[in-house]
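Notes follow once the structure below has been shown.
Computed over heavy atoms, backbone and side chain alike; hydrogens, waters and symmetry mates excluded. If you read the sequence from its start, that first residue is 1, and numbering goes on from there.
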Amino acid sequence: MSSTSNSNNSHNLALESKQDRPNTVRIPDRVDLWGSPRSRQGSPSHSPRLGPSRFLNGEKSGASFAGAELLGKLWGDRKKQPKNAKRKGGKVWYHKERVKGLVVLTALVGLFFLVDWIMLLRLQDHRVGSDDRSSRNASSVSAQVKVTKPSKGKKHYGGIYGRLLALAAHALAEGQNKREPKDLWQEPVVPASAWRPCADQRDWEPNEGKNGYIMVTANGGINQQRVAVCNAVVLARLLNATLVVPKFMYSSVWKDVSQFGDIYQEEHFIKYLAPDIRIVKELPEELKSLDLEAIGSVVTDVDVRKESKPSFYLKNILPILLQKRVVHFVGFGNRLAFDPIPFQLQRLRCRCNFHALKFVPKIQETAALLLERLHKHSAQPGLLDHYLVGPHAVAAMIARSDRAKASKYLALHLRFEIDMVAHSLCEFGGGEQEGQELEAYRQIHFPALTELKKTEKLPSPAMLRSEGLCPLTPEEAVLMLAALGFNRKTQIYVAGAQIYGGTSRLAALTSLYPNLVTKENLLSSAELEPFKNFSSQLAALDFIACTAADAFAMTDSGSQLSSLVSGYRIYYGGGRMPTIRPNKRRLADIFVKNNTIEWKVFEQRVRKAVRQTKHVQSRPKARSVYRYPRCKECMCRTD
């Protein structure tokens with residue numbers, strides 16, 4: 001785009017700033033207290049200015065947003081009910097009497113059902129046994145499932161899901177020779193294949209980047225950093241600025257010093273986006289010596305609301321850029337809105353994510369080995385292998401193949417690491433020891449959440465679970481897979497870091513599905529050695545294995561990895577890369593009946609709950625283009 005057209009675009013967006021007053025309260029990433037933590041976040045080596053935002057004109061900012069958002073997230077919509085107007089004389093009396101009558105009637109009906117329920121429980125106690133009676137009173141999920149094998153060869157499962165796990169094992173054993181449901185390894189092909197990638201198409205002139213330089217030090221893990229990079233690309237175009245190759249913040253949790261060039265191909269990134277924006281590797285010499293914090297050029301996540309509109313940046317950041325010649329964003333986690341965004345800027349976002357970010361050869365070559373072994377050395381590369389590991393790695397895979405038929409595999413992202421478990425505020429049956437361990441973790445990594453617990457009454461763990469706000473446990477995940485009909489022989493690749501509870505927590509999963517693999521047992525120690533102590537690079541291997549899988553199942557829809565993987569599969573999959581997105585609220589309603597529900601009914605309800613999430617849909621308004629690329633900005637319809 002020429003400088004003239006760019007200034008016109010900036011002028012039009014600036015008009016929007018007069019109305020840029022979001023009605024909802026947003027939480028900065030460092031105190032992102034609700035749902036799933038989108039990534040593990042650390043702090044810069046030297047903390048920039050903290051305190052209230054200089055751009056919010058006295059409005060609440062930073063941690064002060066946390067309480068209202070956290071409490072309002074679950075209860076806000078329910079409390080926003082209009083108050084009834086006062087009524088006069090007889091109408092008031094009439095309604096009071098009517099309410100009394102309804103209360104009495106409701107109480108009588110409730111008493112009837114209570115007595116009936118108590119009698120039913122007593123009957124079930126005799127049928128299920130004392131073990132089930134004690135588990136019925138448990139308020140949370142058992143921390144571990146013990147699998148024992150008596151002399152007769154039958155396995156017994158402990159814990160609150162022991163009964164359902166035993167039924168699942170029986171069903172899998174009986175169904176070994178049965179065909180799996182057709183839709184397990186398929187998407188709704190016709191509607192899904194109507195979309196094709198087209199974010200590589202451009203309709204503007206290169207950006208001169210003459211207004212100054214934008215620097216970004218992205219926080220979080222590799223997936224949140226990826227989102228921050230693409231948002232920074234869009235921001236550079238919006239402000240007609242030159243982008244300095246982004247840097248990654250060191251995290252006290254990840255403990256990974258990897259920078260952009262250690263994960264992504266830097267030269268490809270710069271050259272591919274050259275028709276869009278100007279990118280340089282470093283600041284010019286005359287700007288390197290500046291104390292950016294002292295001159296007011298450092299902008300933190302405290303200063304910028306989550307998902308701020310372009311008008312915010314035009315109004316508040318562009319003047320700093322023009323005056324100081326450089327602006328340094330520290331954090332920049334989810335700081336750019338998805339709507340409203342001009343068409344070409346949204347397309348640039350997709351172009352960055354799906355085309356400009358390619359993993360370095362070191363990661364591609366090791367990932368190619370991983371995919372080769374997952375597909376049992378097949379000569380036929382996977383549908384997305386070319387995009388993920390590059391043509392050279394694919395050629396090497398074919399050269400090493402034994403011409404065998406490709407083996408299918410399911411990738412499962414178990415988002416059950418300690419940060420997710422602690423952040424959720426849910427209980428997982430570990431009792432007092434678990435509570436102390438998770439609280440200690442929260443005090444270090446989520447201090448704002450710890451403080452909020454002291455001052456606000458938060459929803460109970462049982463309520464959080466019923467609302468679908470707790471991560472699926474490994475036991476719940478394996479029950480979901482068994483109910484969906486995956487054969488016992490299915491090869492399952494488990495992605496994720498250290499599962500909370502260790503290997504014992506995976507006992508039920510490995511018992512029901514013995515063909516369970518990870519990158520650690522598919523790759524040799526020598527092959528993994530270059531990635532030792534580089535958790536972000538190891539996470540890149542998981543990203544590739546999940547994206548290339550014949551089917552992908554997530555356990556938390558808010559996870560950045562799951563969102564990016566599912567979006568990549570939609571963009572390049574051509575309607576042939578199914579993704580399982582469980583509705584945790586509906587599953588919670590099913591799991592709560594674990595002591596009484598029959599397996600056939602459990603199967604039917606789980607399949608219905610998951611089937612409803614597999615329909616093909618365009619991107620909902622204000623939702624992520626990285627997760628929902630089916631939109632006119634990223635993909636084009638062929639029908």
Side-chain angles (χ1 to χ4, degrees), residues 29 32 34-41 184 187 220-228 230 254 333-334 338 353-354 357 367 384 388 409-421 423-424 468-474 476-478 480-481 484 486 492-500 509 518-519 535-536 538-573 577-587 609-610 612-617 619-620 623-630:
D29 259 1
D32 185 7
W34 201 250
S36 57
R38 295 192 179 274
S39 66
R40 304 177 176 89
Q41 301 170 13
L184 278 185
E187 274 193 283
I222 180 176
N223 300 298
Q224 181 166 324
Q225 289 166 348
R226 185 184 184 105
V227 171
C230 292
W254 283 101
N334 301 305
F338 288 101
N353 183 53
F354 298 116
L357 292 177
L384 303 189
L388 293 165
Y409 74 95
L410 164 72
L412 173 67
H413 181 215
L414 271 181
R415 189 67 173 94
F416 201 71
E417 296 91 346
I418 188 170
D419 66 315
M420 165 64 79
V421 173
H423 192 279
S424 69
L469 296 172
C470 296
L472 290 186
T473 66
E476 291 168 338
V478 72
M480 176 186 72
L481 297 179
L484 290 175
F486 281 101
I492 300 179
Y493 177 88
V494 176
Q498 297 296 321
I499 301 300
Y500 179 64
L509 184 56
T518 64
K519 57 184 177 295
S535 56
S536 291
L538 287 171
L541 297 178
D542 274 341
F543 176 90
I544 293 173
C546 288
T547 305
D550 299 278
F552 171 63
M554 61 178 76
T555 57
D556 180 64
S557 58
S559 161
Q560 284 279 22
L561 172 67
S562 294
S563 296
L564 291 170
V565 165
S566 61
Y568 211 96
R569 290 166 64 83
I570 289 172
Y571 188 78
Y572 284 116
M577 305 295 285
T579 296
I580 297 168
R581 306 173 181 85
N583 184 316
K584 292 190 293 181
R585 180 183 294 177
R586 291 182 180 176
L587 288 183
V610 172
Q612 290 172 342
T613 68
K614 292 186 73 173
H615 62 279
V616 175
Q617 64 171 349
R619 180 180 73 94
R623 300 301 294 273
S624 168
V625 294
Y626 308 119
R627 180 178 180 180
Y628 299 102
R630 287 192 185 106

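With a 6.0 Å cutoff to the six-membered ring centre and a 45° limit on the axis angle, R226 does not count as a cation-pi contact of Y626.
In this structure, the side chain of R569 engages the main chain of A549 through a donor-acceptor pair within 3.5 Å. Side chain of Y572 to backbone of L388: no donor-acceptor contact under 3.5 angstrom is found. In terms of modelled atom types and a separation under 3.5 Å, the side chain of Q498 and the main chain of E417 share no donor-acceptor contact. Looking only at distances, no side-chain donor or acceptor of T547 sits under 3.5 Å from a matching main-chain atom of I544. A donor-acceptor pair under 3.5 Å is formed between the side chain of Y409 and the backbone N or O of A545.
Aromatic pair Y493/F552: centroids not less than 6.0 angstrom apart.
Nearest heavy-atom pair, H413 versus S562, reported as atom, atom and distance to 0.1 Å: ND1-OG, 3.0 Å. Here the closest non-hydrogen pair linking Y628 and R619 is O-CB, 3.3 Å. When all heavy atoms of L184 and P578 are compared, the closest pair comes out as O-CG, 4.0 Å.
Separating the CD1 atom in I222 from the CG atom in L538 is a distance of 10.0 Å, to the nearest 0.5 Å. To the nearest 0.5 Å, atom OG1 of residue T473 and atom CG of residue L414 are 9.0 Å apart. Put simply, CG on D550 and CE on M577 are 6.5 Å apart, with the number rounded to the nearest 0.5 Å. Within the model, atoms CZ of R415 and CD1 of I499 stand 9.5 Å from one another, a figure rounded to the nearest 0.5 Å. Considering SG of C230 and CZ of F354, their distance stands at 9.0 Å, rounded to 0.5 Å.
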Candidate pair S559 and M554, rule side chain to side chain contact (heavy atoms under 4.5 Å, CB included), full reasoning: CA-CA 9 Å; S559 161; M554 61 178 76; over 6 Å; no
Derivation and outcome, side chain to side chain contact (heavy atoms under 4.5 Å, CB included), residues F486 and L412: CA-CA 12 Å; F486 281 101; L412 173 67; over 6 Å; no
Test log, rule side chain to side chain contact (heavy atoms under 4.5 Å, CB included), inputs N223 and S563: CA-CA 9 Å; N223 300 298; S563 296; over 6 Å; no
Side chain to side chain contact (heavy atoms under 4.5 Å, CB included) assessment of R581 paired with S566: CA-CA 9 Å; R581 306 173 181 85; S566 61; 4.0 Å; yes
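R627 is linked by a salt bridge (charged side-chain N to carboxylate O under 4.0 Å, His left out) to nothing, counting only residues two or more places apart in sequence or in another chain. With sequence neighbours excluded, the residues forming a salt bridge (charged side-chain N to carboxylate O under 4.0 Å, His left out) with R630 are E187, listed by chain and number.
When T555, D556, L587, L484 are each tested for a side-chain contact (heavy atoms from CB on, under 4.5 Å) with P582, only one passes: L587.
Put simply, the side chain of Q560 reaches to within 4.5 Å of the side chain of N334, judged on heavy atoms. The shortest distance between side-chain heavy atoms of V227 and L564 falls below 4.5 Å.
Counted by atom type alone, N353 and Y568 present zero donor-acceptor pairs between their side chains at under 3.5 Å.
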